[in-house]
Asker: 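Here it is, the structure in full.
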Amino acid sequence: AGKRNSIHAACPNAGVDTFKRSDYPQLAIAGAAESPCREDVPLNDSQPAPHPSRSARRAIYTAIFAILALTVSVPFLSDTTTEWNEVYAAAANRLAQGEDLYPLHTNYTYPPFMAGVAYGVEAFGPTLGRILWLAINLIAVSFMIRWGWWLAGGRAWPDRPRDDAIFFLGLLCGLRYVLNGFSHLQTDMVIASLMVGGCVAVARGRSIASGLAFGLATAIKGPAFLWMGYLLYRRQFQSAGVMVVTILLASLLPDLIHPEPTGSIWLARWFQAKASLVDRDHHYPGVWASAIENNQSISGLVCRSLVGQWEKRDGEYLSRVVESESVSPGGMKSIIYLIESALAIATLVGFIRAGRLLPSTRRWAIEASLVLTLIVLVSPMSSKPHFASMILPGWVLARGAIEREYRSSAGFLMLALFGLNLGWNFWGDDVEFFALWIGAVTLGTAALWAGSLALLLFPATPRSNARHTTPSNPTTLPQAA
């Protein structure tokens, strides 16, 4: 009652009904919270009534996600030949015994933090540990979807056919990789959730929360450090500082379990053993601790195009990198750095232009999509589970296409959906291998990046972008404000 009275007192001539701020979170973020009642956005009873099938839609969505959760849980708990056992649990075992985390031929090429986390999970035993890790992943995916959908301009639940189309089109951009992450018991669901959560925290002005989220994501896998550049560009210095502190403290967790044998710290050992690999003169970029076709970053695509070879033997596809006198590792790195620099410069141009033309909430969503796509494109190694975070860029571009924010958004979205879904294993092993070899995932992600950039460079007119701007007719409130 006090809020209602204060709103009418602040705008006594409006003669309109009031509203709950919690019902319109994006309105507060976009700047309308500066005044409880603005002359250009009066509120009244002319809003459309809730769709009569809202409860049914919620039940359908709940059933869909329950079925998906059950589908991924069974192999998650039963399969013992996954990366969790062969990579993370093995690293935790070496840590507990005081051995080197990064021996010469190890599959654990990540920062030391996850070895400490795996040590804690494995302390519950094989069965309880897997159940705990499954629960963490399911919670992470649920929050990633909830936060990402909100940031992309959605309501709590899709309650109209247009929202259904946006939701499922965007979901298809990353669903395959979410399922792949569960099948391999990887950490990418947690990383994607942390990054999307960090984006929401930035949008809500919560510097400490965003720094913590981005810092933990980086401590798990290094490529998320690209968020540091974005925070500094947006002058989020407190968030950037919290991110650095979080990375350092999290990376010291394994040192509390068992110190590094030579007296150094595990983070320095990781830099020495793996992170410096990309700077060695004799090392082709894109070659990592996996088959070359599994690397769907720009580095992997360029490496396969220039020095990669494959053959099919006994029904199995074998790939390798063959040294070439005409293509040196240094020359290949120059090509890759040139491509990545062009992407970064174009993204920066989009950021600068968007700061003047787009409302803040929509701008944050598109900018987050650009950073998420850049992370997997410029990373030294991006395997399939890394692309689970493409759900948010998919939603952003799907909304742009369906609401006609940019005339070519639908084309970019179709290209992205084709590339990101070409390698589904139900198409057959041949299609799956060749989709990976030609970099279909890379090209699909590049389409998401280009479509998101187009939304920044060519923003919608107020009429077509009514969900994200103040309406020209001051008698109604935007439905998705």
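This one's a predicted model, so the numbers in the text were calculated from it and none came from an experiment. Just so it is clear, the values below take in all heavy atoms, side chains as well, and ignore hydrogens, waters and symmetry mates.
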Asker: Does a side-chain heavy-atom distance below 4.5 Å link Trp437 with Leu301?
Answerer: no
Asker: May I have all residue pairs that pass salt bridge (Lys or Arg N to Asp or Glu O under 4.0 Å) and include part of residues 185-198, sequence neighbours excluded?
Answerer: Asp188-Lys221
Asker: Assert yes or no for the condition that the ring centre distance of Phe225 to Phe214 is strictly below 6.0 Å.
Answerer: no
Asker: Is there a donor-acceptor contact under 3.5 Å linking the side chains of Glu293 and Ser319?
Answerer: yes
Asker: If you look at every heavy atom in Gly350 and Leu457, which pair is closest and at what distance?
Answerer: CA-CD2, 3.8 Å
Asker: Taking all atoms of both residues into account, what is the closest heavy-atom pair of Ile402 and Ala165, and its distance?
Answerer: CD1-CB, 3.6 Å
Asker: For Tyr110 together with Tyr88, are the ring centres under 6.0 Å from each other?
Answerer: yes
Asker: Before giving the answer on side chain to side chain contact (heavy atoms under 4.5 Å, CB included), spell out for Val72 and Val178 the whole-Å C-alpha distance, their side-chain angles and the decisive distance to 0.1 Å.
Answerer: CA-CA 10 Å; Val72 301; Val178 171; over 6 Å; no
Asker: Between Arg204 and Trp150, is NZ or CZ placed under 6.0 angstrom from the six-membered ring centre and within 45° of the ring axis?
Answerer: yes
Asker: Can you see which heavy atom on Thr442 is nearest to which on Ser297, and at what distance?
Answerer: OG1-O, 3.9 Å
Asker: With a 3.5 Å distance limit and no angle check, can you tell me whether Arg269 reaches the backbone of Tyr102 through a side-chain donor-acceptor pair?
Answerer: yes
Asker: Should Leu397 and Ser369 be marked as a side chain to side chain contact (heavy atoms under 4.5 Å, CB included) after you check the CA-CA gap, both sets of side-chain angles, and the distance that decides it?
Answerer: CA-CA 9 Å; Leu397 196 54; Ser369 299; over 6 Å; no
Asker: From Glu316 CD over to Phe433 CZ, what is the distance, rounded to the nearest 0.5 angstrom?
Answerer: 11.0 Å
Asker: Closest heavy-atom contact between Met243 and Ala224?
Answerer: CE-O, 3.8 Å
Asker: Roughly how far, to the nearest 0.5 Å, is the CD1 atom of Ile391 from the CG atom of Leu448?
Answerer: 11.5 Å
Asker: Is Glu432 salt-bridged to Lys384, going by a charged N under 4.0 Å from an acidic O?
Answerer: yes
Asker: Any side-chain heavy-atom pair from Trp364 and Val200 closer than 4.5 angstrom?
Answerer: no
Asker: Got a second to check how far Ile298's CD1 is from Leu377's CG, nearest 0.5 Å?
Answerer: 5.0 Å
Asker: Drop me the distance from Leu370's CG to Thr347's OG1, to the nearest 0.5 angstrom.
Answerer: 5.0 Å
Asker: Using every non-hydrogen atom in the two residues, find where Leu413 and Ala398 come nearest and quote the distance to one decimal.
Answerer: CD2-CA, 3.8 Å
Asker: Between Asn295 and Ser383, is any pair of side-chain heavy atoms under 4.5 Å apart?
Answerer: no
Asker: Taking the inter-plane angle between the rings of Phe168 and Tyr61 on a 0 to 90° scale, is it parallel (under 30°), tilted (30 to 60°) or perpendicular (over 60°)?
Answerer: parallel
Asker: For Ser239 and Ser210, which I'm curious about, is there any donor-acceptor pair between the side chains at under 3.5 Å?
Answerer: yes
Asker: Does the side chain of Arg130 reach to within under 4.5 Å of the side chain of Leu134, using non-hydrogen atoms?
Answerer: no
Asker: Please step through side chain to side chain contact (heavy atoms under 4.5 Å, CB included) for the pair Met195 and Val190, ending with a clear verdict.
Answerer: CA-CA 9 Å; Met195 292 194 296; Val190 178; over 6 Å; no
Asker: Return the orientation label for the Phe167 and Trp149 ring planes: parallel under 30°, perpendicular over 60°, tilted otherwise.
Answerer: perpendicular
Asker: Any chance you could lay out the side chain to side chain contact (heavy atoms under 4.5 Å, CB included) test for Leu455 and Ser409, step after step, and finish with the verdict?
Answerer: CA-CA 8 Å; Leu455 291 175; Ser409 293; 3.5 Å; yes
Asker: First locate atom NE2 of His386, then atom CG of Asn294, and finally report the distance between them rounded to the nearest 0.5 Å.
Answerer: 10.5 Å
Asker: Using the ring-ring contact (aromatic ring centres under 6.0 Å, His included) criterion, which residues pair with Phe418? Sequence neighbours excluded.
Answerer: none
Asker: For Asn93, is the CG atom crowded, meaning more than 12 foreign heavy atoms sit under 6.0 Å from it?
Answerer: yes
Asker: Of all the heavy-atom pairs spanning Ile438 and Ala435, show the shortest one and how long it is.
Answerer: CG1-O, 3.5 Å
Asker: Is the side chain of Arg320 donor-acceptor paired with the backbone N or O of Gln309 at a distance under 3.5 Å, no angle test?
Answerer: no
Asker: Just wondering, are more than 12 heavy atoms of other shown residues or ligands nearer than 6.0 Å to CZ in Phe124?
Answerer: no
Asker: Starting at CD of Glu122, measure out to CG of Asn85 and round the result to the nearest 0.5 Å.
Answerer: 7.0 Å
Asker: May I ask you to decide if Ala115's main-chain N or O and Tyr108's side chain share a donor-acceptor pair within less than 3.5 Å?
Answerer: yes
Asker: Suppose we screen for ring-ring contact (aromatic ring centres under 6.0 Å, His included). Which residues come up paired with Trp449, at least two apart in sequence or across chains?
Answerer: none
Asker: Determine, for Trp227 and Arg234, whether the Lys NZ or Arg CZ falls below 6.0 Å from the six-membered ring centre while staying within 45 degrees of the axis.
Answerer: no
Asker: What I'd like to find out is whether the side chain of Phe387 reaches to under 4.5 Å of the side chain of Ser382, using heavy atoms alone.
Answerer: yes
Asker: Given side chains that start at C-beta, do those of Leu374 and Glu340 come closer than 4.5 Å, heavy atoms only?
Answerer: no
Asker: Does the side chain of Trp266 reach to within under 4.5 Å of the side chain of Leu101, using non-hydrogen atoms?
Answerer: yes
Asker: May I ask you to decide if the ring planes of Phe434 and Tyr317 are parallel, tilted or perpendicular, using 30° and 60° as cut-offs?
Answerer: perpendicular
Asker: Would you check if Gln186 and Asn137 make a side-chain contact, meaning some heavy-atom pair closer than 4.5 Å?
Answerer: no
Asker: Would you say that more than 12 heavy atoms from the other residues, nucleotides or ligands in this model lie under 6.0 Å from the CD1 of Ile208, or not?
Answerer: no
Asker: Looking at Glu323, is its backbone amide N or carbonyl O close enough to the side chain of Tyr284 to form a donor-acceptor pair, meaning the two atoms are under 3.5 Å apart?
Answerer: no
Asker: For the backbone of Leu417 and the side chain of Asn421, can you confirm whether one donor and one acceptor N or O come within less than 3.5 Å of each other?
Answerer: yes
